[in-house]
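All values derive from a computational prediction rather than experimental measurement. Order of the sequence lines fixes the chain letters, A, B, ..., with proteins taken first and strands second; residue numbering starts at 1 for each chain.
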2 protein chains.
Amino acid sequence: MSSALRPSLGRISVLGVGPAFEEGRWPAKAVVGEAVPVWATIFREGHDAVGATLVVTAPDGTTTTRPMPCEDFGMSLYRASTIPSVPGDYLFAVEAWSDPVTTWHTMADVKLHAGQDIQLVLAEGVAVLERAAEQPGRPPAEARVLYGAIAALRDNRLDPEARVAAAMGAKVRSLLERAPLREWVTRSAEYPLRVDRERALVSAWYEMFPRSEGARYDADTKSWVSGTFATAAKRLPAIARMGFDIVYLTPIHPIGTSFRKGRNNSLDAAPGDPGSPYAIGSPEGGHDAIHPDLGTMADFRAFVAKAGKSGLEVGLDLALQCSPDHPWVTRHPEWFGVRADGSIAYAENPPKKYQDIYPLNFDRDPEGLYQAIREVVEVWIGAGVTAFRVDNPHTKPLTFWERLLGDVRATHPDVIFLSEAFTLPAMMHTLAKIGFHQSYTYFAWRPSATEMGEYLTELAGASSYYMRPNFWPTTHDILTPDMQSGGAASFASRAVVAATGSPSWGIYSGYELVENVARPGVEEHIDNEKYEYKPRDWARARRLGIARLLTTLNETRRAHPALQRLRGLTVHPTDNPAILCFSRHVPADESPTGRADAVIVAVSFDAFHEQATTVTFDPAAIGLKGGRPFAVEDALTGQTYEWGEAFYVKLGPATTMAHVAAVRLA
Amino acid sequence: MSSALRPSLGRISVLGVGPAFEEGRWPAKAVVGEAVPVWATIFREGHDAVGATLVVTAPDGTTTTRPMPCEDFGMSLYRASTIPSVPGDYLFAVEAWSDPVTTWHTMADVKLHAGQDIQLVLAEGVAVLERAAEQPGRPPAEARVLYGAIAALRDNRLDPEARVAAAMGAKVRSLLERAPLREWVTRSAEYPLRVDRERALVSAWYEMFPRSEGARYDADTKSWVSGTFATAAKRLPAIARMGFDIVYLTPIHPIGTSFRKGRNNSLDAAPGDPGSPYAIGSPEGGHDAIHPDLGTMADFRAFVAKAGKSGLEVGLDLALQCSPDHPWVTRHPEWFGVRADGSIAYAENPPKKYQDIYPLNFDRDPEGLYQAIREVVEVWIGAGVTAFRVDNPHTKPLTFWERLLGDVRATHPDVIFLSEAFTLPAMMHTLAKIGFHQSYTYFAWRPSATEMGEYLTELAGASSYYMRPNFWPTTHDILTPDMQSGGAASFASRAVVAATGSPSWGIYSGYELVENVARPGVEEHIDNEKYEYKPRDWARARRLGIARLLTTLNETRRAHPALQRLRGLTVHPTDNPAILCFSRHVPADESPTGRADAVIVAVSFDAFHEQATTVTFDPAAIGLKGGRPFAVEDALTGQTYEWGEAFYVKLGPATTMAHVAAVRLA
């Protein structure tokens with residue numbers, strides 16, 4: 001008659017603890033200052049009261065606790081938030097316990113009201129409060145308060161109901177909420193929470209090809225002169241003035257000449273064509289080297305320093321592939337695939353061949369290749385790089401990334417990795433779970449207001465605890481049909497959604513100039529910067545208004561905590577499918593300013609016609625009660641409106657494509 | 001530069017394995033012969049092919065494998081079913097692996113079609129098939145087939161495409177599906193699967209108070225003479241003829257006299273009132289004793305034997321509470337709660353008092369009380385009881401139940417526990433997870449066709465892997481308003497949904513007589529059998545037709561595997577909210593008969609008026625393609641119909657309240 005099974009639960013049930021993924025094998029993610037809700041399903045047999053405590057262990061091992069109130073009785077759901085104050089690896093657990101004081105107090109109210117068992121009720125109250133007062137670790141000051149309550153229960157001058165009311169006054173209840181009498185404490189497993197610096201969540205990226213900035217055509221020699229780190233650095237103050245945080249450079253390494261691609265992805269490069277910076281490696285070096293046209297490592301460090309002076313971090317492309325001329329090809333042929341004829345395998349997507357690219361093979365010498373890549377990453381971190389935009393991570397083994405990102409995090413916890421994976425959801429989500437700080441998304445392929453609204457809702461939901469989206473309206477690889485056709489209006493509309501729909505977004509240089517002409521038949525720019533120099537006439541940007549818009553959007557993002565969070569987004573119905581309306585909200589107790597914050601975004605997806613709609617707005621989404629109108633101020637136009645449970649907006653290319661309306665909360 | 005983290009995934013990603021709950025701490029459940037789908041999210045980097053294998057370890061330690069095909073490429077979802085053939089504790093795991101043969105074959109098709117790399121493609125095919133042929137453990141017969149494929153690839157007389165086609169013929173592909181070349185095999189964790197005998201899923205219960213059956217009023221003595229096991233046994237053949245599997249007896253133990261309840265729950269019992277069998281225990285004994293009025297332990301064993309001869313199992317109520325006269329009260333006061341005045345706590349729901357009941361306190365001497373209850377259960381199992389209907393399990397600690405059910409399962413794996421918990425979902429679901437084989441549900445409180453349809457869908461969904469519903473239209477405690485008002489039509493309608501909506505259902509005796517009069521103000525029968533003898537005139541049942549209906553329903557359940565499963569239920573839209581239509585389906589490869597089976601149920605919830613509707617039927621729900629009509633035969637009326645993607649039904653109290661239509665599948 002011995003028990004065959006180890007019990008799988010404790011005296012009080014505490015189940016369904018979250019946020020947690022795949023049996024806790026990966027941490028939930030947050031940044032410093034971001035509220036992390038923790039939830040659990042808690043219940044017990046019978047009718048006695050239960051309580052719950054959230055226990056958070058900080059990276060230094062110190063433990064803090066807070067009460068975890070019942071949020072939904074019917075669903076047995078308890079919830080509390082924690083706001084981490086330093087980066088590092090946290091643990092959280094939930095303690096569920098029997099609450100004999102509340103059990104007694106509830107019973108006492110009913111019985112005394114019914115005139116039942118009066119002396120017994122009072123005696124039981126004395127007993128339970130004595131247990132509370134005498135529990136180990138109870139500070140004397142608290143015990144004194146509880147003995148005061150006991151004295152009140154014993155005060156014969158009052159009637160029984162008054163004695164209970166006096167005993168269980170606000171002070172005693174507040175004390176017991178803070179420091180309850182807990183019995184049968186049952187602790188959940190511990191779940192990991194990884195806290196990064198704030199930039200891992202909140203960031204505005206600006207992508208550039210450094211060789212383009214300052215490149216010039218020399219009419220005498222009839223050839224191009226590459227831009228350099230020095231000429232590119234001249235652009236940094238303007239990028240900073242637009243409010244960006246990270247300037248991300250496409251690969252800066254030597255470029256191969258074998259099978260070099262020419263303009264517009266042609267197979268035959270003309271003399272002087274600079275080649276794609278993604279065909280990495282030449283006799284002059286590989287991933288740890290700098291293209292001689294751009295300068296030296298000292299020049300790169302100077303670029304990083306100038307960026308820093310403008311308040312910009314520098315991010316680098318990490319494209320783990322090689323040109324046939326990469327030094328690794330001869331020194332480490334075991335790091336590449338081999339065909340049946342003994343040749344090194346180039347990239348293919350049959351029947352397409354990419355003979356200018358040799359993919360790395362991570363299975364032939366995993367340890368050697370890992371250490372080489374680890375050293376490459378160290379070189380750039382050593383030179384001041386604080387972010388990597390990782391090219392096609394989904395074509396390399398997940399085990400490789402998990403190891404690399406884990407190791408880098410252990411030594412350089414501030415370094416941010418952005419995953420450029422446009423592939424199946426399972427892969428994108430798992431890349432985020434195993435360590436990528438940010439993820440490119442399907443944002444560019446959500447052309448309608450309805451699809452975008454659903455996608456924003458999805459990304460602010462369950463995946464928000466591990467995947468941080470970074471919204472890019474265009475990149476050097478992406479120019480979707482809607483962006484090709486809608487002119488500045490499309491560029492404005494998309495920028496607004498990207499900047500306000502996610503705490504991280506990114507802009508590819510040239511966006512200011514509404515560069516929207518595609519190479520026929522493909523969804524990318526004509527005269528793609530990957531294959532040629534592309535110096536730009538920034539003065540022309542002023543007329544188009546996009547640079548001004550980007551600046552305003554980044555200013556607005558900085559001013560509003562609501563735009564710096566992933567959760568707290570609600571899509572509100574409109575009666576016009578061309579217009580999307582969503583609100584962003586952070587309540588006061590989760591806001592770094594201590595004040596609640598809310599922004600309402602209404603944006604048109606029709607670049608050609610004026611569109612109007614009535615928005616059916618749920619004030620509860622921004623913490624307001626219904627009925628009352630509220631004032632908003634549009635950050636884009638400066639205009640103010642009175643909005644409420646229904647409001648009308650008219651948007652179009654001739655006026656404004658969007659409102660980004662800050663709500664004046666009391 | 002060492003790796004800080006242990007990798008959390010393998011070379012191929014295998015995640016989201018199910019069915020699994022709460023980190024695998026509880027097993028998924030199935031019964032012998034029931035198909036258990038196992039799923040996993042499987043993917044890898046790049047474009048190379050992956051495959052998956054389901055590995056099932058049976059209770060005797062033997063392992064079987066089967067291919068796990070991709071069900072949804074976009075969601076990276078793989079799935080395969082296993083059908084356990086013996087009861088016991090199984091484990092399952094999923095292996096994901098690189099599939100170099102498929103990778104090569106896919107690439108070869110594209111390249112040869114494009115006329116690319118022909119010699120290389122053929123050479124690579126030879127190499128990969130040689131790896132397949134030479135892999136360790138490959139039986140010589142299989143290797144010969146693969147060498148044949150290699151010879152075909154090398155056959156210069158054919159053109160390259162024909163060589164690949166000849167090499168990868170049906171025989172080779174079938175061999176490789178069964179016994180693939182698997183590389184980088186990554187194995188998931190092992191997940192538990194608990195397999196019970198079939199009765200744990202498929203059962204028809206019949207509840208009776210044995211003292212009522214054969215009780216008679218003696219006009220001479222002006223007092224009642226209790227029914228006995230001997231008189232109650234006379235009813236067994238009729239119960240068996242109606243097709244029930246388990247006859248469940250309300251408590252058969254001595255009944256207390258202190259604060260005994262009288263008729264209709266009155267506080268003052270009249271002399272001769274028998275008392276509630278749930279007030280267990282008197283000087284004549286407690287939970288391990290038999291009420292002397294019913295007979296002796298020998299009489300009980302004779303009852304069990306007679307039941308067995310009729311093909312019936314005997315279930316017993318397990319109501320863990322005591323009357324004040326229970327022997328435990330004096331012998332083990334530590335098994336009860338104590339009030340502040342030293343008295344034993346009776347049951348309360350303030351301000352209501354239940355002074356005839358002492359709840360057990362499981363915290364004061366958990367080990368002693370546990371062993372005593374364990375012994376009680378052993379007594380009844382020893383006497384032939386194979387099922388327990390557990391009264392209010394949610395008022396006892398879950399840890400207690402997990403231990404008891406685990407221990408009983410270890411020694412008596414055939415014994416079934418049915419949880420009578422009508423409480424919050426978290427508690428009901430957790431009782432099922434920790435070991436209860438079956439669960440009462442909210443079935444009685446789903447009065448409309450819409451609510452019932454949603455509930456059936458819910459119960460056939462995610463919870464079906466651990467919670468097996470048992471549908472009861474009424475019990476001795478439950479007579480809902482809709483059952484009070486609708487006469488025989490309501491009783492018929494409810495019986496149809498209970499018998500066909502879940503593989504387990506139960507009927508409380510008297511249902512045949514449409515006993516539907518409630519005690520005013522409460523949702524239970526007037527003259528409740530809990531407080532008095534209730535002999536019934538079964539001859540009268542014939543006229544009402546309900547007994548005939550119950551018989552037909554149980555016959556139909558036995559004839560149709562589709563009605564013996566929890567999954568495979570689909571609700572189909574009707575255009576009349578009074579009519580519910582759902583289908584049940586089991587495909588051929590999951591059916592114990594080897595043939596697909598389908599039943600369509602249409603049932604009216606309006607007991608007063610004729611109702612008609614057109615059903616919008618999805619033929620895919622029963623494995624049919626659209627378009628073609630199909631023949632059905634109504635098990636209730638014997639009539640046949642031709643139905644299709646839309647069909648018309650008319651139901652009402654004057655004709656039939658339901659169709660239970662068996663589909664004639666080809």
Side-chain angles (χ1 to χ4, degrees), chain A residues 1-5 7-11 13 15-16 22-26 41 43-47 73-76 107 110-111 113-114 116 119-120 123-124 127 184 189 339-341 349-351 353 363 371 374-375 394-399 402-403 406-407 409-410 424-427 430 434, chain B residues 1-5 7-11 13 15-16 22-26 41 43-47 73-76 107 110-111 113-114 116 119-120 123-124 127 184 189 339-341 349-351 353 363 371 374-375 394-399 402-403 406-407 409-410 424-427 430 434:
Chain A
M1 285 210 186
S2 72
S3 289
L5 294 174
S8 67
L9 32 68
R11 184 65 186 78
S13 294
L15 303 173
E22 283 275 333
E23 302 154 24
R25 83 168 96 169
W26 292 306
T41 304
F43 56 97
R44 70 175 297 177
E45 80 289 354
H47 298 286
F73 179 76
M75 296 310 289
S76 310
M107 180 271 294
V110 178
K111 286 200 169 181
H113 189 72
Q116 275 180 0
Q119 291 313 315
L120 214 45
E124 284 167 351
W184 299 111
R339 306 291 307 267
D341 61 359
N349 187 12
K353 302 182 175 199
D363 291 326
Q371 294 301 345
R374 178 89 172 84
E375 278 163 31
H394 58 293
T395 60
K396 289 91 190 170
L398 286 159
T399 42
E402 182 165 46
R403 182 178 177 188
D407 284 350
R409 182 182 166 80
L424 296 180
M427 173 60 86
T430 306
I434 64 172
Chain B
M1 282 208 186
S2 73
S3 289
L5 294 174
S8 67
L9 31 69
R11 184 65 186 78
S13 294
L15 304 173
E22 283 276 334
E23 303 154 23
R25 84 167 94 169
W26 292 306
T41 305
F43 56 97
R44 69 176 296 178
E45 80 289 353
H47 298 286
F73 178 77
M75 296 311 288
S76 311
M107 179 271 293
V110 177
K111 285 200 169 181
H113 190 72
Q116 274 180 2
Q119 290 314 314
L120 214 45
E124 285 168 351
W184 299 112
R339 304 292 307 268
D341 61 0
N349 186 13
K353 302 182 174 198
D363 291 326
Q371 295 302 346
R374 179 91 171 82
E375 279 163 31
H394 57 292
T395 60
K396 289 92 191 169
L398 286 159
T399 42
E402 183 165 45
R403 182 177 178 190
D407 285 349
R409 182 183 166 78
L424 296 180
M427 173 60 85
T430 305
I434 64 171

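- Contact of the B:Thr399 side chain with the A:Trp184 side chain is not registered, since no non-hydrogen atoms from C-beta on lie closer than 4.5 Å.
- The side-chain heavy atoms of B:Thr430 and A:Thr41, taken from C-beta on, include no pair separated by under 4.5 Å.
- Of the residues considered (A:Gly10, A:Pro351, A:Ala127), A:Pro351 shows the highest number of contacts with chain B, using heavy-atom pairs under 4.5 Å.
- Both the backbone and the side chain of A:Ala426 come within less than 4.5 Å of a heavy atom in chain B.
- Of the two parts of A:Gln116, only the side chain, counted from C-beta on, holds a non-hydrogen atom closer than 4.5 Å to a non-hydrogen atom of chain B.
- A:Glu22 places a side-chain N or O within 3.5 Å of a backbone atom of B:Gly16 that can act as its donor or acceptor partner.
- Between A:Phe73 and B:Leu424, the shortest heavy-atom contact is O-CD1, 3.5 Å.
- Put simply, of B:His394, B:Met75, B:Arg339, the one with the most heavy-atom pairs under 4.5 Å next to chain A is B:Arg339.
- With chain B as the partner, the residue from A:Ala123, A:Ala340, A:Ser76 showing the most heavy-atom pairs under 4.5 Å is A:Ala340.
- Contact count versus chain A (heavy atoms, under 4.5 Å) is highest, among B:Leu398, B:Leu120, B:Thr395, for B:Leu120.
- The candidate with the highest count of non-hydrogen atom pairs below 4.5 Å against chain A, out of B:Arg409, B:Lys111, B:Gln119, B:Glu45, is B:Glu45.
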